[in-house]
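On a predicted model such as this, the values are computed, not experimentally measured, just so you know. The analysis underlying the following values was restricted to heavy atoms, covering all of them including side chains, and did not include hydrogens, waters or symmetry mates. Letters A, B, ... are given to chains in the order of the sequence lines, protein chains preceding strands, and every chain is numbered from 1.
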Amino acid sequence: MTRLKIKDILKDGKAGSEVVAKGWVRTKRGSKNVNFIALNDGSTINNLQIVVDVESFDETLLRDINTGAAISVKGELVESAGSGQKIELNAKELVLLGGADPDKYPIQPKKHSLEFLRENAHLRFRTNTFSAVFRIRHAMAFAIHKYFNEKGFNYLHTPIITASDAEGAGQMFRVSTLDPKNPPLTEDGQIDFSQDFFGKATNLTVSGQLEGELGALALGEIYTFGPTFRAENSNTTRHLAEFWMIEPEMAFYDLKDNMDLAEDFLKSCIKYALENCMEDLKFLAERLKQEEKGKPEDQRSMDLIEKLEFVLNNDFIRITYTEAIDILRNSKPFKKKKFQFPVDWGTDLQSEHERYLVEKHFKCPVILTDYPKDIKAFYMKQNNDGKTVGAMDVLFPGIGEIIGGSQREENLEKLETRMKEMDIPAEEMDWYLDTRRFGSVEHSGFGLGFERFILFVTGMGNIRDVIAFPRTPKNAEF
RNA sequence: UCCCUAGUAGCUCAGUUGGUUAGAGCGGCGGACUGUUAAUCCGUAGGUCGUAGGUUCAAGUCCUACCUGGGGAGCCA
C-alpha cells in the first residue's frame with residue numbers, strides 16, 4: 001500500500017478506508033489502554049492523530065515511539081471520538097523507522113525560543129513555526145517564478161563568481177585558489193592574481209544587475225533569482241552575508257513602468273500567499289498574537305493576515321525624495337527635535353525617517369523616487385534637473401527598504417561622465433558600456449531582497465529565521 | 001564597527017544589600033489513569049552558575065578582559 005501524505009489524508013480521507021501514513025512524532029500521550037500520537041510529515045502544519053490500542057502492540061515498540069521518532073502507520077481512518085480533529089487513524093501496524101533518544105533529542109514538545117532553535121537550525125524544520133515559514137518560503141519562490149513567467153520574462157542565470165566590483169554595492173568575498181599562507185607576489189610585493197585560478201582577482205557576486213542589463217537589452221525582460229554575497233560586518237535582524245535576491249531588468253521601461261511592475265509584483269506574490277498558504281499564515285498570525293500579548297497595545301502590530309490584505313488592497317504611496325524631505329521637516333518629531341539624525345536635502349534618509357514616513361505619516365507602503373544623484377549608484381538615469389536620478393525605493397512597514405531600483409542611464413556620454421566623477425574604471429566595464437554603444441534603449445530594473453520579503457509575509461522578526469542556514473558575521477554553522 | 005543588554009539544570013527563568021546544602025515550571029525517567037489534544041495526578045534524577053583573571057574572611061551576585069546570544073544604529077536588499 002502506498003503512503004499518503006497527511007495533508008491529503010486530512011483533506012480527502014474517508015472514514016472506513018485503509019491508509020499508510022509516515023512521519024515524525026510530535027507528541028505521544030494517553031492512558032493505560034490507549035495512546036495518541038500526533039504525527040506530522042511536513043506536508044501541512046496539521047498533525048494526524050494516530051490512535052494506538054496499547055494491548056495490541058509490543059511494549060518496547062511503544063516505548064521507543066517518542067517525540068522526534070519516525071514511524072510508519074498502517075490502519076483504518078475513522079471519525080474521531082475526540083473534539084480536536086474530524087478524522088483519525090486507528091493503528092493496525094506500527095513500524096519504528098528511526099528512533100530519537102529522548103535524552104538527547106533537543107526539540108521538546110514545548111515552546112522553544114527562536115534563539116535556541118537557531119542554534120539547532122538543522123532540526124528546527126521539525127517545529128510548527130519553521131515548517132510553516134519554509135513552506136511559505138517555497139510558495140513565494142514559486143509565485144515569483146510564476147509571476148515572471150506569465151509576464152514573459154526570461155529567467156537569466158547571472159554568474160556567482162565575478163571579476164567586477166562595479167556596483168560598489170559592498171564588501172566582497174574573495175574567491176581564490178592561491179595558497180593563503182604563501183601567495184605568489186608581483187615585483188612590487190602585491191599578491192599576483194594573474195597566477196590565480198581565473199588569472200585575475202575574483203569575488204562572489206554582490207548583484208547580478210549589470211549582467212542582467214545585458215540580457216534585458218536583447219531578451220526584452222529578464223529576471224534573476226539567486227544567491228548574493230556581502231562581506232559587510234552587519235549585525236542586524238535585516239542583514240545576511242548570503243541572501244537571495246530577485247532582480248528583474250526590463251528594456252523599454254521607464255521609472256513609472258518600473259514602479260508599476262514592482263507594486264504589481266509584490267501584490268501578486270502576497271495574493272498567492274493568501275490563496276495558497278492560509279493554514280500556515282493563520283498559525284504564524286496566532287503565534288505573533290501570543291508573542292505580542294505582553295506588549296502595550298499601541299506597540300502591537302496589525303494582525304498578520306490583515307496586514308497582508310491591507311497591502312494587497314491599497315495603492316502604494318508614491319512621492320519624490322524632495323517631497324519626503326518636506327514632509328519630514330514639517331513633522332512633529334522633526335520640530336520637537338526627536339530625530340537623532342538631521343533632515344537635509346542631499347543626505348540619505350535614515351531608518352528613523354523611513355519608519356516615520358511609512359509607519360506614522362502614511363501608514364502604507366511608500367515608493368520614494370528621484371533621489372539626489374550623489375547618494376545613488378553611477379548607473380541611474382540622470383534627471384533633467386541635474387541634481388537627481390531616477391531611483392525608486394519601496395519601503396515596507398517594519399522592514400524598511402524591501403526593493404531598490406532605478407531607471408538606468410542609457411546615454412553613453414552621460415554614463416561615462418558619471419563614472420569618471422565617481423572614479424569607476426571604465427576600462428574594466430567595457431562590456432557593460434557596449435550596451436550603450438550598440439542599440440541603447442531606455443530600461444529599468446530593481447532588486448528585491450527575498451528574505452526581507454519573506455520576513456514581511458511570515459511576520460517573523462529576524463532574517464535569520466526565514467533562511468534555512470543563515471550566514472552572518474561569526475556564524476557559518478551547518 | 002559602535003551603543004545597550006544577557007549568559008545559572010535538556011529548555012524557559014528566579015536567585016534580595018556579596019553570607020551556610022543554588023530553586024521553580026516545562027521536558028526526561030518511573031508509576032497511576034477507559035479518548036487524550038503541548039493531557040492530568042504522584043514520585044525521581046539532573047548544575048565546576050559562559051571563559052580567564054582580580055577584589056574579599058567569603059563571589060552565581062562586585063571589577064576587568066575575552067567569547068557567544070539578543071536589541072538598536074551604520075552599511076544595504
Classify the side chain of Asn235(A) versus the base of rU1(B) as yes if they form a donor-acceptor pair under 3.5 Å and no if they do not.
yes
Could I get the full list of side-chain hydrogen bond (donor to acceptor under 3.5 Å, both in side chains) partners for His353(A), not counting sequence neighbours?
none
Where the side chain of Phe341(A) is defined as all heavy atoms beyond and including C-beta, which of rG74(B), rG70(B), rA77(B) is the nearest nucleotide?
rG74(B)
List in numerical order all residues of residues 52-80 of chain A for which some heavy atom is under 4.0 Å away from an atom belonging to RNA chain B.
Arg63(A), Ser80(A)
Are Ser31(A) and rU36(B) close enough that a side-chain N or O sits under 4.0 Å from OP1 or OP2?
no
What integer distance in Å separates Gln49(A):CD from rA39(B):P?
10 Å
Using the rule for Phe, Tyr, His and the six-membered ring of Trp, do Phe36(A) and rG35(B) stack at under 5.5 Å and under 30°?
no
What is the distance, rounded to the nearest whole Å, between atom NE2 of His239(A) and atom P of rA73(B)?
10 Å
Modelled atom types, side-chain donor and acceptor of Glu213(A) and Tyr379(A), under 3.5 Å
no
Closer to the 5' end of RNA chain B via nearest nucleotide, is it Ser234(A) or Pro102(A)?
Pro102(A)
Between Glu279(A) and Lys282(A), does any side-chain N to carboxylate O distance fall below 4.0 Å?
no
Based on Watson-Crick and G-U pairs with both distances under 3.5 Å, what dot-bracket line describes RNA chain B 5' to 3', crossing pairs as [ ] and inter-strand pairs as |?
(((((((..((((.....[...)))).(((((.......))))).....(((((..]....))))))))))))....
Sequence-distant partners of Arg124(A), side-chain hydrogen bond (donor to acceptor under 3.5 Å, both in side chains), two or more places apart:
Asp465(A)
Distance, rounded to the nearest Å, where Ile399(A) contributes CD1 and rC76(B) contributes P:
18 Å
In residues 446-459 of chain A, which residues come under 4.0 Å of RNA chain B by heavy atom?
Gly447(A), Gly449(A), Arg452(A)
For each nucleotide in nucleotides 3-14 of chain B, reading 5' to 3', give B when a protein heavy atom comes within less than 4.0 Å of its base, S when such contact involves only the sugar-phosphate, and - otherwise.
-------BBS--
Under 4.0 angstrom between Thr237(A) side-chain N/O and rG70(B) OP1 or OP2
no
